Amino acid sequence: MSARTLHIIFFSSLASLFLSTHCDNQSQKDVALFIFGDSLNDAGTNNYIDTLFRANFPPYGETFFHHPTGRFTDGRLIADFIAEYAKLPLIPPYLQMKDDEFKGGANFASAGAGALVDTYKGFVVDMMVQLKQFEQLEKKLRKNMGSEKAKRIIKEGVYLISIGNNDYFMPLVYDPALFHSISMEDYVGMVIGNITTVLKGIYKVGGRKFAMIGIGPIGCVPAMRASTRNGTCSGKANKLAKLHNIALPSILTKLETQLQGFEYAYFDFYTTGSDSIKNPSKYGFKEAKTACCGSGPFRAEPTCGGKRGVEEYSLCRHPEKYVFFDANHPSERANRQVAQLMWNGSLSVIKPHNLEALFKLEGV
């Protein structure tokens with residue numbers, strides 16, 4: 001598969017609690033973290049499926065782990081920092097977990113995944129399959145822990161979801177004529193419809209607390225910037241992101257009224273991401289247009305690591321000075337800043353609850 005094809009990878013993700021299902025002294029206040037979505041929070045899911053959409057080779061993972069883990073960044077993901085703030089261990093990929101293992105939650109996110117089943121079909125674990133995996137996990141918990149304990153874990157857990165990036169990235173790169181036959185608004189409606197189905201599916205199993213990450217300024221990632229004539233952000237990509245970010249909070253508000261006990265936090269990734277790109281020095285960065293790792297203009301070719309058809313690539317010496325680690329994905333430092341805003345940010349960036357408050361909600 002060519003290097004260009006790999007442009008489709010987007011964002012292509014309580015140490016004493018839940019050490020295993022054999023722990024019987026778990027506190028009523030312990031809260032698990034369940035992670036769904038794409039490469040923005042993929043902790044290694046794609047290491048376990050037949051796909052080229054992987055990051056299990058150097059220099060991925062160099063900053064924190066000092067070896068590749070499958071995460072599409074130089075270190076930790078947003079979900080990793082959220083787990084840390086919640087005093088949980090790093091949440092493992094569901095496909096890595098043994099049948100009797102449960103360490104603070106499960107990560108179902110898969111690089112390249114979308115809300116639409118046809119988004120990179122055959123190369124990813126799409127959202128509908130991720131939901132099925134969660135249903136399977138709930139059954140295992142009931143079998144290993146008993147119905148009451150499993151029910152509490154599912155009910156009190158927080159469901160962190162980042163999805164939609166690939167649904168918008170794919171047609172823009174590979175089928176731009178699609179929007180001649182369907183409006184952007186209708187296409188976004190299809191994506192939101194599938195997200196709604198998954199949220200209702202998780203709710204049906206027993207989930208009540210949802211942390212939703214909006215779509216960031218996807219038109220400004222190096223891969224998209226390099227596709228424009230003058231190296232500016234892609235207006236079409238950002239338009240889709242904005243439409244998504246109008247529709248998603250509206251659906252969340254409706255679900256809050258329709259489903260008893262439904263609680264959510266919505267993070268405005270677009271506004272915060274745009275500000276860090278426009279004003280990198282404000283956030284301690286020196287470079288916001290060019291990636292740390294890759295090749296070509298803006299290092300936008302997805303050649304990082306030399307394992308995707310092209311062996312030669314460039315690597316910066318200080319990833320922490322870059323907003324983007326590779327052509328499509330944030331650096332660990334950028335991920336940390338996003339996670340901090342999600343954890344204890346104000347209503348201007350995350351509402352109606354930040355994650356610190358969402359984790360503490362009880363009896364919903």
Side-chain angles (χ1 to χ4, degrees), residues 13 17-18 20-21 26 30-38 41-51 79 83 88 91-164 166-167 191-213 251-252 255 258-264 358 364:
S13 359
L17 167 69
F18 303 148
S20 75
T21 57
Q26 296 170 355
D30 292 336
V31 178
L33 178 62
F34 300 96
I35 303 152
F36 297 78
D38 50 33
N41 281 314
D42 182 347
T45 293
N46 282 19
N47 295 347
Y48 298 91
I49 65 174
D50 185 12
T51 181
L88 289 164
I91 307 301
Y94 170 73
L95 294 181
Q96 176 184 305
M97 295 166 58
K98 299 177 181 179
D99 284 345
D100 63 345
E101 178 184 28
F102 188 72
K103 296 181 179 180
N107 189 328
F108 306 94
S110 169
L116 302 178
V117 175
D118 287 336
T119 297
Y120 310 133
K121 187 175 183 179
F123 295 96
V124 302
V125 181
D126 66 66
M127 273 293 282
M128 294 302 178
V129 175
Q130 292 180 36
L131 173 60
K132 291 179 181 178
Q133 291 177 338
F134 172 64
E135 294 170 343
Q136 293 169 358
L137 175 62
E138 188 269 344
K139 292 178 181 178
K140 292 178 182 178
L141 292 179
R142 281 195 282 114
K143 177 182 178 181
N144 294 327
M145 297 181 171
S147 295
E148 287 303 314
K149 185 178 291 187
K151 181 179 179 180
R152 174 175 63 80
I153 289 172
I154 298 297
K155 180 180 179 182
E156 299 295 338
V158 169
Y159 297 82
L160 177 63
I161 302 173
S162 61
I163 200 70
N166 295 296
D167 296 304
V191 173
I192 295 297
N194 275 23
I195 292 174
T196 304
T197 297
V198 171
L199 293 177
K200 289 182 176 179
I202 295 173
Y203 180 90
K204 183 177 180 181
V205 176
R208 293 295 182 268
K209 299 188 289 187
F210 299 85
M212 306 297 297
I213 301 178
I251 287 297
L252 293 172
L255 292 176
Q258 294 173 355
L259 305 177
Q260 184 177 3
F262 183 96
E263 299 281 356
Y264 73 91
L358 191 67
V364 294

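Side chains are part of it too, since the values below use all heavy atoms of this structure and drop only hydrogens, waters and symmetry mates. For clarity, every value in this text was computed on a predicted model and none was experimentally measured. Starting from 1, each residue takes its place in the sequence as its number.
With K209 contributing its side chain and E156 its backbone, the two residues share a donor-acceptor pair below 3.5 Å. A donor-acceptor pair under 3.5 Å links the side-chain atoms of T45 to the main chain of A109, judged by distance alone. No donor-acceptor pair closer than 3.5 Å links the side chain of N166 to the backbone N or O of G114.
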Open item on the list: Show, in sequence, the C-alpha distance, side-chain angles and deciding distance for I195 and M127, and conclude whether the side chain to side chain contact (heavy atoms under 4.5 Å, CB included) test is met.
Closed with: CA-CA 8 Å; I195 292 174; M127 273 293 282; 5.8 Å; no

Open item on the list: Checking E148 against R152 for the salt bridge (Lys or Arg N to Asp or Glu O under 4.0 Å) test, could you report, in this order, the C-alpha distance in whole Å, the side-chain angles of both residues, the deciding distance, and whether it holds?
Closed with: CA-CA 6 Å; E148 287 303 314; R152 174 175 63 80; over 6 Å; no

Open item on the list: For K143 and D99: C-alpha separation, side-chain torsions, deciding distance, then whether side chain to side chain contact (heavy atoms under 4.5 Å, CB included) applies.
Closed with: CA-CA 10 Å; K143 177 182 178 181; D99 284 345; over 6 Å; no

- [ ] Assess whether side chain to side chain contact (heavy atoms under 4.5 Å, CB included) is satisfied between Q133 and V125, documenting all intermediate values.
- [x] CA-CA 10 Å; Q133 291 177 338; V125 181; 3.8 Å; yes

- [ ] Could you go through the side chain to side chain contact (heavy atoms under 4.5 Å, CB included) check for N46 and I49 one step at a time?
- [x] CA-CA 5 Å; N46 282 19; I49 65 174; 3.6 Å; yes

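Listed here is the closest heavy atom pair of P92 and G105: CD-O, 4.3 Å. Residues I35 and A79 come closest through the heavy atom pair CD1-CB, 3.6 Å. What you find for N194 and V117 is that their closest heavy atoms are ND2-N, 4.2 Å. Considering every non-hydrogen atom in both A113 and I163, the closest pair reads O-CD1, 3.7 Å. The minimum heavy-atom distance between A115 and D167, with the atom names listed, is N-OD2, 2.7 Å. Residues N107 and A43 share a closest heavy-atom pair of ND2-CB, 3.5 Å.
Atom OG1 of T197 is separated from atom NZ of K204 by 12.0 Å, given to the nearest 0.5 angstrom. Between T119 atom OG1 and F123 atom CZ the span is 13.0 Å, to the nearest 0.5 Å. With rounding to the nearest 0.5 angstrom, the CZ atom of F34 is 14.0 Å from the CD atom of Q130. Considering CD1 of I91 and CE of M97, their distance stands at 9.0 Å, rounded to 0.5 Å. Taken from NZ in K140 to CE in M145, the straight-line distance is 12.5 Å, to the nearest 0.5 Å. One finds the OH atom of Y94 at 13.5 Å from the OH atom of Y48 (value rounded to the nearest 0.5 Å).
With sequence neighbours left out, Y264 forms a ring pair (Phe, Tyr, Trp, His ring centres under 6.0 Å) with no residue at all. Contacts of D126 classified as side-chain hydrogen bond (donor to acceptor under 3.5 Å, both in side chains), with partners at least two apart in sequence or in another chain: none.
Taking the side chain as every heavy atom from C-beta outward, F210 and L255 never approach each other to under 4.5 Å. For the pair F36/I202, a side-chain contact is recorded, criterion being any heavy-atom separation below 4.5 Å from C-beta on.
The environment of K200 atom NZ is sparse: at most 12 non-hydrogen atoms of other residues, nucleotides or ligands sit within 6.0 angstrom.
A salt bridge between K139 and E135 is absent, with no side-chain N of the basic residue lying under 4.0 Å from a carboxylate O of the acidic one.
Inspection of the S110 and D42 side chains reveals no N or O donor paired with an N or O acceptor under 3.5 Å.
Between R208 and the options Y159, Y203, F262, a side chain to side chain contact (heavy atoms under 4.5 Å, CB included) holds for only Y203.
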